[in-house]
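What follows is a single structure, written as structure tokens, with notes after it.
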Amino acid sequence: MLIMNFKILKDDNLSLKCKPNKWKNKFLKIINFIKNRLFRWHDKEKYQEFSIDLYEHGAIDSDTFDDIKNYSTIEKNRNDFEL
């Protein structure tokens, strides 16, 4: 009985360790989605505003926001160069 309870607790512990990684991966997918949308000319402005809202409401930290902003700037500079 004690061994069975230990196994259950061990499984629960493993499950709890996996959940943050699951949410981290989902969040990274969302950030990559926003970055990909910044490439689309007709979506770009909408997603820039969205990323600013996320930052202002504390949903993303300054490093992530800067990464998104720089990604947008790199794309703008590339488009200006190609014109």
Side-chain angles (χ1 to χ4, degrees):
M1 178 95 165
L2 184 60
I3 293 174
M4 187 179 222
N5 287 339
F6 181 74
K7 170 109 172 92
I8 291 170
L9 290 173
K10 190 175 179 183
D11 290 343
D12 287 347
N13 189 27
L14 180 62
S15 175
L16 289 173
K17 284 181 181 178
C18 293
K19 287 188 184 209
N21 285 333
K22 173 186 168 185
W23 289 107
K24 177 185 171 187
N25 290 336
K26 287 187 182 286
F27 184 73
L28 290 174
K29 286 180 183 181
I30 291 170
I31 294 300
N32 285 330
F33 175 80
I34 293 170
K35 286 180 182 179
N36 289 334
R37 291 300 185 230
L38 291 172
F39 273 125
R40 293 181 171 182
W41 185 252
H42 61 281
D43 289 340
K44 188 174 190 169
E45 195 170 306
K46 177 173 49 173
Y47 283 95
Q48 282 177 333
E49 291 174 21
F50 179 63
S51 64
I52 291 169
D53 286 342
L54 287 174
Y55 176 69
E56 288 176 349
H57 288 89
I60 58 176
D61 61 12
S62 60
D63 291 338
T64 303
F65 178 70
D66 290 342
D67 187 33
I68 292 171
K69 190 170 69 172
N70 291 338
Y71 193 77
S72 176
T73 303
I74 290 168
E75 178 59 20
K76 180 187 179 310
N77 290 341
R78 190 172 76 167
N79 285 340
D80 289 347
F81 181 72
E82 289 175 355
L83 293 176

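Heavy atoms only: backbone and side chains are in, while hydrogens, waters and symmetry mates are out.
Around atom CZ of F50, no more than 12 heavy atoms belonging to other residues, nucleotides or ligands sit under 6.0 Å away.
In this view, N32 and K35 satisfy the side-chain contact (heavy atoms from CB on, under 4.5 Å) rule, not counting sequence neighbours. Under the side-chain hydrogen bond (donor to acceptor under 3.5 Å, both in side chains) criterion, N21 pairs with no residue, sequence neighbours left out.
Summarising the geometry of I34 relative to S51, their closest heavy-atom pair is CG2-CB, 4.4 Å, with the distance given to 0.1 Å.
Between T64 and Y55 there is no side-chain heavy-atom pair separated by less than 4.5 Å.
From W23, atom CH2 reaches atom CD1 of I30 across 8.5 Å, with rounding to the nearest 0.5 Å. Between the NZ atom in K26 and the CZ atom in F33 there is a gap of 14.5 Å [rounded to 0.5 Å].
I52 and I31 fall within a single hydrophobic cluster, where Ile, Leu, Val, Met, Phe, Trp and Tyr side chains are chained together by heavy-atom contacts under 4.5 Å.
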